[in-house]
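Below you'll find the structure, written out as structure tokens, and then a few comments.
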2 protein chains.
Amino acid sequence: MGRWEPNARKRLAEAALQLYSEQGYEQTTVAQIARQAGLTERTFFRHYADKREVLFAGSPLQELFVTAVATAPPSAPLVDVLGAGLDAASAMFAGRREQVLLRQSVVAAHPELRERELIKLASLASALADALRDRGVPEPTAALAAETVMAVFKVGFDRWITAAEETDMAPLMRDLLDELGKVTARG
Amino acid sequence: MGRWEPNARKRLAEAALQLYSEQGYEQTTVAQIARQAGLTERTFFRHYADKREVLFAGSPLQELFVTAVATAPPSAPLVDVLGAGLDAASAMFAGRREQVLLRQSVVAAHPELRERELIKLASLASALADALRDRGVPEPTAALAAETVMAVFKVGFDRWITAAEETDMAPLMRDLLDELGKVTARG
DNA sequence: ACTGTTGATGACAGTGACTGACATCGACCG
DNA sequence: CGGTCGATGTCAGTCACTGTCATCAACAGT
């Protein structure tokens with residue numbers, strides 16, 4: 001046993017999500033979160049850069065997505081590479097619907113948190129573009145594909161969240177990837 | 001002549017852009033912006049919700065984009081409707097390269113400003129999806145098309161900004177819209 | 001056992017973004 | 001001429017976030 005209780009970061013993240021969802025993001029002060037986690041406000045900011053980051057840090061989404069894209073068969077067509085990324089991303093949400101729903105209801109309710117979510121996805125898009133370039137996909141296709149697959153992910157995630165009951169996310173994403181054809185189809 | 005100098009909002013926006021670009025966004029206080037505009041800090045916040053919004057409020061981008069989509073010929077294929085939106089958006093940047101470059105260099109340099117930019121584009125995507133649904137485009141195609149055209153816009157805008165010399169934005173966007181086919185093409 | 005170092009934390013003061021409440025005063029209306 | 005209105009100023013307050021220094025258990029080396 002150390003001098004302090006372990007898992008300070010985790011305790012802070014859990015306290016934050018609970019308080020944000022119970023009494024609202026704006027109504028929650030960082031001092032409250034820290035107190036509930038048995039720490040001080042100053043220590044909160046040693047673990048998380050700001051009041052928003054506590055809901056986003058530590059997500060493996062980007063790594064899973066990028067790794068899947070980077071390790072897809074070299075000869076695979078671009079769509080399939082993107083599909084592999086979407087599959088990997090989808091997998092991390094399997095069986096965690098309640099948890100994800102709670103978190104997302106908090107994020108959706110506060111523009112500051114939405115902003116943070118969007119910049120995380122933009123960072124993911126940028127990392128995906130890098131991975132595609134590493135695979136030999138030329139510009140501007142790489143950047144366009146990265147942004148486009150994020151479009152699919154956003155719409156798919158929203159539909160998964162909004163669905164009445166729990167469903168597999170991956171088929172949803174695959175359907176949307178096919179639907180892309182309708183967007184580009186010429187009259 | 002009124003009691004106060006006119007165009008308070010405009011003076012604040014110009015002072016903000018100048019100070020942000022000269023001495024950095026974080027190094028600039030709202031009190032400085034207000035003072036340079038001949039006003040007080042409190043008045044700044046009566047015109048703009050926060051220190052970031054002063055760079056974004058008043059842009060006609062969303063209205064131009066959405067109006068073009070809404071007023072495209074009813075029988076036009078989806079891609080052409082999106083193309084019309086991109087054309088309208090592109091038009092508002094014509095001949096304003098220096099101005100746009102300055103502003104974008106400020107925004108790109110500060111994550112807080114990037115976040116705000118991203119949520120504005122997300123709002124635009126949402127408005128576009130509404131406009132497409134109004135045209136009779138069914139879900140999930142409408143949402144997907146809206147997010148996808150934002151992908152095109154983001155990549156196109158970045159390329160327009162990055163280009164060595166001034167070019168027409170519209171052809172750039174049209175090329176990317178065509179490139180979308182490569183993303184969805186099956187092996 | 002003694003001592004020096006390290007790392008996570010606490011304590012505390014400070015800055016600046018943002019808000020609420022109230023006062024001011026020229027313009028405009030009747 | 002009196003009353004209302006709207007944009008602004010003034011001021012006090014909250015809270016996110018930062019810099020700095022102190023604390024103290026754990027650990028390593030002697």
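The sequence lines fix the lettering, A, B, ..., with proteins before strands; numbering per chain opens at 1.
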Within residues 30-53 of chain A, those residues having any heavy atom closer than 4.0 Å to DNA chain C are A/Gly38, A/Leu39, A/Thr40, A/Arg42, A/Thr43, A/Arg46, A/His47
Residues 145-165 of chain B vs side chain to side chain donor-acceptor pair (under 3.5 Å), sequence neighbours excluded, gives none
B/Leu19 CG to C/dG16 C1', in whole Å, measures 16 Å
Enumerate, atom names and distances included, each donor-acceptor pair closer than 3.5 Å involving a side-chain atom of residues 59-76 of chain A, sequence neighbours excluded.
{"from": "A/Ser59", "atom 1": "OG", "to": "A/Leu61", "atom 2": "N", "distance (Å)": "3.2"}
{"from": "A/Gln62", "atom 1": "OE1", "to": "A/Ser123", "atom 2": "OG", "distance (Å)": "3.1"}
{"from": "A/Thr67", "atom 1": "OG1", "to": "A/Glu63", "atom 2": "O", "distance (Å)": "2.7"}
{"from": "A/Thr71", "atom 1": "OG1", "to": "A/Thr67", "atom 2": "O", "distance (Å)": "2.8"}

Inset, instruction - State whether B/Asp178 and A/Arg186 are salt-bridged, where the test is any N-O pair (Lys NZ or Arg NE/NH1/NH2 against Asp/Glu carboxylate O) under 4.0 Å. - result: yes
Student check: side-chain heavy atoms of B/Val100 and B/Phe157 closer than 4.5 Å
yes
Here the residues of residues 111-123 of chain B within 4.0 Å heavy-atom distance, strictly under, of DNA chain C are none
- prompt: Do A/Glu14 and A/Arg11 meet the salt-bridge criterion of a basic N to acidic O distance under 4.0 Å?
  reply: no
Residues pairing under side chain to side chain donor-acceptor pair (under 3.5 Å) where one sits in residues 29-39 of chain A, two or more places apart or in two chains, turn out to be A/Gln18-A/Gln36, A/Gln23-A/Gln32
Separation of D/dA16 atom C1' from B/Glu26 atom CD, nearest Å, is 14 Å
Rounded to whole Å, the CD-C1' distance (A/Gln27 to D/dA16) equals 15 Å
**Message:** Are more than 12 heavy atoms, taken from residues, nucleotides or ligands other than B/Arg135, located less than 6.0 Å from that residue's CZ atom?
**Reply:** yes
Solution key, residues 38-58 of chain B side-chain donor-acceptor pairs under 3.5 Å, sequence neighbours excluded:
{"from": "B/Thr40", "atom 1": "OG1", "to": "B/Thr43", "atom 2": "OG1", "distance (Å)": "3.3"}
{"from": "B/Tyr48", "atom 1": "OH", "to": "B/Arg9", "atom 2": "O", "distance (Å)": "3.1"}
{"from": "B/Asp50", "atom 1": "OD1", "to": "B/Arg52", "atom 2": "N", "distance (Å)": "2.9"}
{"from": "B/Asp50", "atom 1": "OD1", "to": "B/Glu53", "atom 2": "N", "distance (Å)": "2.9"}
{"from": "B/Asp50", "atom 1": "OD1", "to": "B/Arg116", "atom 2": "NH1", "distance (Å)": "3.2"}
{"from": "B/Asp50", "atom 1": "OD2", "to": "B/Arg116", "atom 2": "NH1", "distance (Å)": "3.3"}
{"from": "B/Asp50", "atom 1": "OD2", "to": "B/Arg116", "atom 2": "NH2", "distance (Å)": "3.1"}
{"from": "B/Lys51", "atom 1": "NZ", "to": "B/Tyr25", "atom 2": "O", "distance (Å)": "3.0"}
{"from": "B/Lys51", "atom 1": "NZ", "to": "B/Thr28", "atom 2": "O", "distance (Å)": "2.8"}
{"from": "B/Arg52", "atom 1": "NH1", "to": "B/Tyr25", "atom 2": "OH", "distance (Å)": "3.4"}
{"from": "B/Arg52", "atom 1": "NH1", "to": "B/Glu112", "atom 2": "OE1", "distance (Å)": "3.0"}
{"from": "B/Glu53", "atom 1": "OE1", "to": "B/Arg116", "atom 2": "NH1", "distance (Å)": "2.8"}
{"from": "B/Glu53", "atom 1": "OE2", "to": "B/Lys120", "atom 2": "NZ", "distance (Å)": "2.7"}

